[in-house]
Amino acid sequence: MEALFGQLFAGLSLGSVLLLAALGLALTFGQMGVINMAHGEFMMAGAYTAYVVQGAVSDAGVSLLLSIPLGFLVGGVLGLVLEMTLIRRMYHRPLDTLLVTWGVALILQQVARDIFGAPNVDVKAPSWLSGSVDLGVAQVPASRLFILVLAVVAVGGLSLVLARTALGRRVRGVVQNRDLAETVGISTRATDKLTFFIGSGLAGVAGVALTLLGSTGPTLGTNYIVDAFLVVVAGGIGQIKGTVIAAFGLGLLQATFEYSTTASLAKVAVFVVIVVFLQIRPQGIFSIRTRSLA
Amino acid sequence: MRRTQRRLLGVTALLSVAVLTAACGSRTGDTASGGGGASCVDTSGDSVKIGFLNSLSGTMAISEKTVNDSLNLAAEEINAAGGVDGKKLSIVTEDGASEPTVFAEKANKLISADCVAAVFGGWTSSSRKAMLPVFEGANGLLFYPVQYEGLESSPNIFYTGATTNQQIVPALDYLKEKGVTSLFLVGSDYVFPRTANKIINAYAAANGIEVKGEEYAPLGHTDFATIVNKVKGAGAAAVFNTLNGDSNVAFFKEYKNAGLTAEAMPVVSVSIAEEEVSGVGVDNLAGQLTAWNYYQTVDSPTNKKFVEAFKAKYGADRVTSDPMEAAYTSLYLWKSMVEKAKSFTPDDIKKAAGGTSYDAPEGTVTVNGDNHHIAKTALIGKVGADGLIHTEWSSGQPIEPDPFLKGYPWASGLAG
C-alpha cells in the first residue's frame with residue numbers, strides 16, 4: 001500500500017514538474033503559436049539565478065524564496081529581449097522561428113558554459129526541504145511536495161490573470177481573433193510582448209524549482225524541452241486546463257509504466273500513447289473553437 | 001490550426017528521434033586505411049610529433065577537456081626535463097567533438113597526415129571502438145585513459161584506465177568483506193552499465209549475494225522518483241551505481257530526499273570522481289562510496305607533485321581525478337616505452353612495452369605486454385565533507401589486468 005501511494009505521488013510529482021516546464025510554453029506556444037526552442041534555456045537561466053542568489057544570500061531557505069521572483073524576472077527579461085529582437089520579425093513563419101530559437105538556445109548554453117564553467121554547479125536545498133514528510137499513507141520527499149504546491153500556485157495565478165484581469169482579457173482576445181482585437185483598439189504588439197514576458201518568466205520559475213531535483217548545468221533545459229512540447233501538444237493548444245490535465249496524465253502514465261516495466265520502456269510507451277492519442281484527437285484534449293479564419 | 005499542429009507534432013517527433021539516435025549512435029569508423037604500411041613518423045629533427053585527441057566540444061567536452069589539460073601538463077613537464085630520448089614533444093591537438101565518427105576521422109588524419117608517433121585520448125567506449133580499426137589498419141598507437149567495460153584487447157591500443165577486474169570486482173570484494181548480502185543495481189541504459197551488471201550478477205551468484213533489482217535509466221534521465229521508490233521497496237543492503245553524467249545529480253538528490261542514507265544503504269559509484277562531486281552537491285554525496293584507482297588525496301610523492309603542478313597551471317580551485325591521472329600517466333608510460341625500445345616505431349614500442357613501469361601518482365603501474373592494459377591498485381573511497389574522496393580500502397598491491405576475466409571461474413561464459 002505504501003508503495004502504491006508512494007508511486008501515485010511520484011506520478012503527481014512528475015506531472016507537476018512537467019506542468020511547471022510546460023506552463024510558460026502553453027502561453028508562448030499554445031496561445032501565441034511561437035515555437036520557442038530556447039524555452040528550456042530560460043529554465044536554465046532560472047536555475048543559474050538560484051545558484052547566483054545562493055552565492056549572495058547564504059541562507060538556503062531565504063535564497064530559494066528570493067530566487068523564485070528573481071528567476072521569473074530573469075527568464076521574463078530574456079524572453080522579452082528575444083521577442084523584441086527576433087521573434088516579432090517572424091510571427092507567421094513557425095519553422096523559421098524554430099530554427100532561429102534553436103540557435104539562440106545553443107548560444108545561451110555556451111554563454112552559461114563560459115560564465116559558470118562546463119561542470120554542473122550545486123544549489124543547496126534548504127534544510128526544511130531535505131528529507132521527507134509523512135502524509136499518513138506515504139512518506140513523500142519535501143522538495144517534491146514544494147514543487148507540487150508551486151505548480152498549483154503558478155497555474156492558479158496564471159488562470160486568475162487570464163480570466164479576471166484586463167491583461168488576461170486582452171490576451172484571450174488576441175488569441176481568439178487577432179484582427180478583430182486590433183480593430184477594437186487592443187495593442188496586439190504590447191499584448192504579445194507581455195504574454196511572452198510572462199511565459200518566459202514561468203520558465204525561469206520552473207528552472208529555480210528544478211534545482212531542487214536535478215542537475216544545474218548548461219544543458220538543464222534540453223532535458224525538458226521535448227517533454228514540455230509534448231505536454232502542450234497533447235493538452236490542446238490555447239488552453240491552460242488542457243496543459244494541466246496532460247501534464248498530470250503523462251506524469252502518472254510515466255510513473256505507472258516505469259514501475260511495472262523499466263524507465264526506458266516507459267518512455268517509449270508514453271510516446272506511443274501520445275502518438276496514438278493524437279491520431280484520434282489531433283487537436284489535443286481541449287481546443288478553442290473560434291470564428292477566425294486562421 | 002490543425003495543419004500547424006500536425007507539423008509541430010512531426011517536428012517534436014523528429015527532435016526526439018534525433019536525440020535518441022545521438023544517444024546510441026556509434027558507427028564503426030569506415031575511414032581505416034588498409035595495409036599496415038611503414039609509418040611516416042619523422043624523427044630526424046630534434047622534436048617528435050604526438051597527437052592529443054579529446055572532445056573539446058559537444059556533450060563529452062565537460063569531461064574530456066580535463067583529460068586534455070592533464071595531457072598538456074605532462075607534455076610540458078617532459079619537455080622541460082629534456083623531452084623523450086632527447087627530442088622535444090610537439091603536440092597536434094584535434095577535437096573529437098563527442099562524435100565517434102569524428103574520432104575515427106581525426107585519428108586517421110593524425111596518423112597519416114600529421115605523422116604523429118602516438119595518439120592520446122578518447123573517452124567513451126563508442127569513440128574507442130570507432131578508432132580501433134583505424135589504429136589497427138594504419139598500425140598506429142593509441143593510449144586510452146578511461147576505465148571501461150573490458151572484453152577488448154588490441155595490439156595497437158594501450159589501456160591506462162581500469163578494466164573490470166581492477167574496479168568493479170574489487171568493489172564487490174570490498175562489499176562482500178563488509179558483509180553485504182544483497183545489492184540493488186542502478187545504471188544508465190548503454191553498454192558499460194549493462195556489461196558491468198552482467199559481471200556483478202555473475203559475481204553475486206557465485207558469492208551468495210542476492211541481487212534484489214536491476215534498473216536502467218535512459219541517458220539524461222532526470223526523474224528518479226520511481227527508481228528510488230523501487231530501491232526503497234526492495235530493501236537491499238547496498239546499491240551499485242553505474243549511472244553516467246547528469247542522472248547522478250537527480251538520483252542522489254532523490255535518494256537523500258527519500259530518507260535513504262549512506263549509513264543504512266550505501267551507494268557504490270564507478271562514474272563519480274572528484275570533478276563530479278561539486279556538481280552533485282557534497283551534501284548529497286557525503287559518506288557514499290566510489291571505486292577507482294586514484295584519488296586526489298592519494299598520499300605519494302609523485303601525486304603531491306602532480307596535484308601541485310596541476311593547480312599551479314590551471315588554478316587552485318581545480319581538482320584531479322582518476323581519468324586525468326591515467327592520461328597523465330599514459331604519456332609518461334609511452335616515454336618509458338620509447339626510451340626502452342630506443343625507437344619511435346610502433347612495432348618496436350609494442351615489443352618493448354611489456355614490463356614497462358612508471359611510478360605514477362596512483363602508485364607504481366606496470367604494462368602487461370600481452371593485453372596492453374596496466375596493473376593498477378584498486379581503491380575504494382568515501383566522499384568526504386570537503387568534497388574530496390578519501391581512500392577507505394585498498395587492494396594493497398597492483399592487480400594484474402584481466403580484461404576477459406579469464407582468471408575468475410564465476411565469469412566463464414561472460415566473455416562469450
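Numbers restart at 1 for each chain; the letters A, B, ... are given by sequence-line order, proteins then strands.
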Scored by heavy-atom pairs under 4.5 Å with chain B, the best of A125(A), G33(A), G217(A), G214(A) is G214(A)

So, the part of R144(A) with a heavy atom under 4.5 Å from chain B: the answer is side chain

Value for OG1 (T262(A)) from NZ (K230(B)), rounded to nearest 0.5 Å, stands at 7.0 Å

Cut-off 4.5 Å, heavy atoms of chain A, and the answer for V280(B) is backbone

Separation between NZ (K124(A)) and CG (D283(B)), nearest 0.5 Å, reads 5.5 Å

Taken to the nearest 0.5 Å, the spacing of S143(A) OG from K256(B) NZ works out to 9.5 Å

Query raised in the report: Does OH in Y51(A) sit with more than 12 non-hydrogen atoms of other residues, nucleotides or ligands closer than 6.0 Å?
Result: no

Cut-off 4.5 Å, heavy atoms of chain A, and the answer for D246(B) is both

Nearest heavy-atom contact between N257(B) and P141(A) is CB-CB, 3.7 Å

Closest non-hydrogen contact found for T211(A) with K253(B) is O-NZ, 2.6 Å

Is atom NZ of K212(B) surrounded by more than 12 heavy atoms (other residues, nucleotides or ligands) closer than 6.0 Å? yes

Okay, Q110(A) and chain B: the region with an atom under 4.5 Å from a heavy atom over there is neither

Got a sec: does the NZ of K311(B) have more than 12 other heavy atoms crowding it under 6.0 Å? yes

Turns out that what part of V140(A) lies under 4.5 Å from chain B's heavy atoms comes down to neither

Applying a strict 4.5 Å limit to non-hydrogen atoms, the region of K65(B) in contact with chain A is neither

d(H221(B) NE2, S264(A) OG) to nearest 0.5 Å is 8.0 Å

Taken to the nearest 0.5 Å, the spacing of E215(B) CD from T261(A) OG1 works out to 8.5 Å

| Hey, are K267(A) and D223(B) close enough for a salt bridge, meaning a charged N less than 4.0 Å from a carboxylate O? | no

When the 4.5 angstrom heavy-atom criterion is applied to S132(A) and chain B, the contacting part is both

Whatever's closer than 4.5 Å to a heavy atom in chain B on L212(A) counts as backbone

If one checks every heavy atom of F224(B) against chain A at 4.5 Å, the contacting part turns out to be backbone

- Q7(A) versus T226(B), side-chain donor and acceptor atoms under 3.5 Å: yes

Nearest heavy-atom approach of A10(A) to A225(B) is CB-CB, 3.7 Å

When the 4.5 angstrom heavy-atom criterion is applied to I225(A) and chain B, the contacting part is neither

With chain B, the option among L213(A), V121(A), L220(A) that has the most non-hydrogen atom pairs under 4.5 Å is L213(A)

Worksheet item: Looking only at side chains, do T222(B) and N223(A) share a donor and an acceptor under 3.5 Å apart?
Response: no

Applying a strict 4.5 Å limit to non-hydrogen atoms, the region of F9(A) in contact with chain B is neither

